[in-house]
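All figures in this text were calculated on a predicted structure; none of them were measured in a lab. Residue numbers start from 1 in every chain, and the chains themselves are labelled A, B, ... in the order their sequence lines are given, proteins ahead of strands.
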There are 2 protein chains.
Amino acid sequence: MARISFLSDANGDLRRIGSAIRERRKAIGLSQEALADAAGIDRAHAGKIERGERNVTILNILRIASALGCRPSDLLMDSGL
Amino acid sequence: MARISFLSDANGDLRRIGSAIRERRKAIGLSQEALADAAGIDRAHAGKIERGERNVTILNILRIASALGCRPSDLLMDSGL
DNA sequence: GTGTGACTTTAAGTCCGTC
DNA sequence: GGACGGACTTAAAGTCACA
């Protein structure tokens, strides 16, 4: 049976975005806490975002991208979105 | 005095994203209501997102992009983000 | 066909802590 | 350094009526 790739998979999308954030964070050698501080968000919240447990708002995506030194669209493209 | 473009401008960012959505919606000849229906969100809510009055979540960005037939990252790049 | 205000429900986001 | 939890506050989602 063919893979049904166009159906939405909200949890998977959130996990993919979280993974993209995590990979870029590690690539530049930041801890979750350092990233959270740089982005101005809570440490526990940053962890939940990376694990795909939060439907993060666009403003926090912008803040996180800024803290990572990349464009918000880069994070989505890393995630295949 | 030089333009200080790197300072965050949350309201402006939300307006830019809303404008990007509106432009793509009009380009394919959809009404707000038709877009909202296709994205599975409320018409009034869609209007507020287009006007930059909502800090929209990433999942709704994904739904809107899908309804517009573009990638979520396209919307951000249209917005210069 | 859209803007807007008032509203309820849901979840984002914070802050404390422990493992 | 990060996962995870509880209790809490804030804000977005979502709905509706009306201009």
Side-chain angles (χ1 to χ4, degrees), chain A residues 7-70 72-73 75-76 78-79 81, chain B residues 8-69 72-73 75-76 78-79 81:
Chain A
L7 285 180
S8 76
D9 171 18
N11 287 344
D13 291 337
L14 295 181
R15 279 202 307 272
R16 276 185 281 279
I17 292 166
S19 296
I21 292 170
R22 174 163 297 182
E23 283 177 28
R24 281 190 182 263
R25 173 177 66 77
K26 296 205 163 185
I28 59 177
L30 285 182
S31 68
Q32 271 188 2
E33 184 161 26
L35 172 61
D37 287 348
I41 65 180
D42 188 73
R43 167 181 67 78
H45 192 223
K48 288 169 187 172
I49 291 171
E50 284 194 356
R51 277 173 262 132
E53 296 172 7
R54 281 291 185 275
N55 179 13
V56 59
T57 58
I58 193 66
L59 247 28
N60 275 342
I61 290 284
L62 301 188
R63 294 187 189 111
I64 289 168
S66 174
L68 290 172
C70 70
S73 46
L75 291 177
L76 291 181
D78 288 357
S79 316
L81 299 171
Chain B
S8 76
D9 171 18
N11 286 344
D13 290 337
L14 294 181
R15 280 201 306 275
R16 277 185 281 278
I17 292 165
S19 295
I21 292 169
R22 176 162 294 182
E23 284 176 28
R24 281 190 182 262
R25 172 175 66 79
K26 295 203 164 184
I28 59 176
L30 286 182
S31 67
Q32 271 188 3
E33 185 161 24
L35 171 61
D37 286 349
I41 65 181
D42 189 74
R43 174 185 70 76
H45 193 221
K48 287 166 190 172
I49 291 170
E50 282 194 357
R51 276 172 264 128
E53 295 172 8
R54 282 287 188 276
N55 178 14
V56 59
T57 58
I58 193 66
L59 247 27
N60 274 343
I61 292 283
L62 300 189
R63 293 186 189 111
I64 290 168
S66 173
L68 290 171
S73 47
L75 292 176
L76 291 181
D78 288 357
S79 316
L81 298 172

Legend entry - Under-3.5 Å donor-acceptor pair between K48(A) side chain and dG5(D) base: no
Legend entry - Which nucleotide in dC16(D), dG2(D), dT2(C) has an atom nearest any side-chain atom of A44(B): dC16(D)
Legend entry - Nearest-angstrom distance from the residue atom CD1 of I58(B) to P of dA11(D): 20 Å
Inset, instruction - Please confirm whether the backbone N or O of L30(B) pairs with a side-chain atom of R25(B), one donor and one acceptor, at under 3.5 Å? - result: yes
Inset, instruction - Kindly point out which of dG3(C), dG2(D), dC16(D) is positioned nearest to the side chain of Q32(B)? - result: dG3(C)
Inset, instruction - Nearest whole angstrom, please: distance from the P of dA12(C) to the CD1 of I61(A). - result: 12 Å
Legend entry - I64(B) CD1 - dG14(D) P separation (whole Å): 10 Å
Legend entry - Any N60(A) side-chain nitrogen or oxygen under 4.0 Å from OP1 or OP2 of dG13(C): yes
Inset, instruction - Counting Watson-Crick and G-U wobble pairs only, both distances under 3.5 Å, name the nucleotide matched with dG2(D), or none. - result: dC19(C)
Legend entry - Euclidean distance, atom CD1 of residue I41(B) to atom P of dT10(C) [Å, nearest integer]: 18 Å
Inset, instruction - State whether the side chain of S66(B) and the backbone N or O of L62(B) hold a donor-acceptor pair below 3.5 Å, judged by distance alone. - result: no
Legend entry - Nearest-angstrom distance from the residue atom CG of D42(A) to P of dT14(C): 5 Å
Legend entry - Any donor-acceptor N/O pair under 3.5 Å between dG3(C) base and R43(B) side chain: yes
Inset, instruction - For E53(B), answer base if it contacts any base atom (sugar-phosphate contacts may also be present), sugar-phosphate if it contacts only those atoms, and nothing otherwise; contact means non-hydrogen atoms under 4.0 Å. - result: sugar-phosphate
Legend entry - Within-4.5 Å side-chain heavy-atom neighbours: R63(B) and N60(B): yes
Inset, instruction - Answer with base, sugar-phosphate or nothing: what part of the nucleic acid does N55(B) contact at a heavy-atom distance below 4.0 Å? - result: sugar-phosphate
Inset, instruction - Would you mind reading off the distance between H45(B) atom NE2 and dT8(C) atom P, rounded to a whole angstrom? - result: 18 Å
Legend entry - Heavy-atom side-chain proximity of L76(B) to I58(A) below 4.5 angstrom: yes
Legend entry - Nearest-nucleotide comparison on DNA chain C, the residue closer to the 5′ end among R22(B) and T57(B): R22(B)
Inset, instruction - Indicate, with a heavy-atom threshold strictly under 4.0 Å, whether R63(A) touches base, sugar-phosphate, or nothing. - result: nothing
Inset, instruction - Take the protein atom CD1 of I49(A) and the nucleotide atom P of dC4(D), then report the distance between them rounded to whole Å. - result: 15 Å
Inset, instruction - Would you kindly give the CD1-to-P distance between I17(A) and dA12(C), to the nearest whole Å? - result: 12 Å
Legend entry - N55(B) (side chain) donor-acceptor with L59(A) (main chain) under 3.5 angstrom: yes
Inset, instruction - Can you figure out which of dG1(D), dA12(D), dC16(D) approaches the side chain of R54(B) most closely? - result: dA12(D)
